[in-house]
Amino acid sequence: MRKLLFVAFLGAALGGCVLPPAVPVTDSKNTLTTGQVQLTLQKDVTTQDQVLETFGSPNLVTLNSEGEEVWTYQRNATVSNSTSSSVYGTVILFGGSTRTSGLEQSSRTMTLIIKFKMINGLKRVSGFSSRSSSF
């Protein structure tokens, strides 16, 4: 009987140890990735409408010195992971409680620049470059 009572108290005490899963927090509009750029954009093939459908509206539209239309995309994302754990017990078993928690946050920025020129009556990608950074 004493062993059963001890096991029950021990189970209740250890049940207080909780580690929730890390949950990344991201903005669903920030889907611009290096892989997606390389899979989508093909020089002299991909049309302006296809770019618009895949990446959405650009942040900036300009003309370069050659008269080509240039679209610039910039996306920022912040990923947060938080963890916490707590242990508690009764006065009989432990006589106290402790709690720890942590927060880890990182940021990612990606810039994509796409140039378009008229080919066969459609504006098509004539060149592109991208840069990403994480910190």
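Computed from a predicted structure; not experimentally measured. As a basis for the values below, the full set of heavy atoms in this structure was taken, side chains included, without hydrogen atoms, waters or symmetry mates.
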Rounded to the nearest 0.5 Å, what's the gap from CG on Leu41 to CD on Gln36? Could you check? 9.0 Å

Under the 4.5 Å side-chain heavy-atom rule for ILVMFWY, direct or indirect, which residues accompany Ile113? Val70

Nearest-0.5 Å distance that lies between atom OG1 in Thr46 and atom NZ in Lys123: 16.0 Å

Taking every non-hydrogen atom, the tightest pair across Val45 and Gln50: O-OE1, 4.1 Å

Closest contact, heavy atoms only, Leu112 versus Ser130: CD1-CB, 3.9 Å

Taking atom CG as the centre, does Asn64 end up with more than 12 heavy-atom neighbours from other residues, nucleotides or ligands that are less than 6.0 angstrom away? yes

Near Glu104 CD, under 6.0 Å, is it more than 12 heavy atoms from other residues, nucleotides or ligands? no

Ignoring hydrogens, what is the shortest heavy-atom contact between Leu52 and Pro58? Give both atom names and the distance. CD1-CD, 4.5 Å

Spell out, as yes or no, whether a donor-acceptor pair under 3.5 Å connects the side chain of Ser126 to the backbone of Lys115. yes

Taken to the nearest 0.5 Å, the spacing of Leu122 CG from Gln48 CD works out to 9.5 Å

Rounded to the nearest 0.5 Å, what separation is found between the NZ atom of Lys117 and the CD atom of Glu66? 10.5 Å

What residues, two or more places apart in sequence or in another chain, satisfy salt bridge (charged side-chain N to carboxylate O under 4.0 Å, His left out) together with Lys43? none

So if I apply the side-chain contact (heavy atoms from CB on, under 4.5 Å) rule between Trp71 and each of Val61, Asn59, Leu60, Val125, which one comes out positive? Val61

Taking all non-hydrogen atoms of both residues, which atom of Leu32 and which atom of Arg108 are closest, and how far apart? O-NH1, 3.4 Å

Rounded to the nearest 0.5 Å, how far apart are CZ of Arg124 and CD1 of Ile114? 14.5 Å

Could you tell me the separation between the CZ atom of Phe116 and the CD atom of Glu68, rounded to the nearest 0.5 Å? 10.5 Å

Any chance you could lay out the side-chain contact (heavy atoms from CB on, under 4.5 Å) test for Tyr73 and Val51, step after step, and finish with the verdict? CA-CA 11 Å; Tyr73 291 87; Val51 171; 3.6 Å; yes

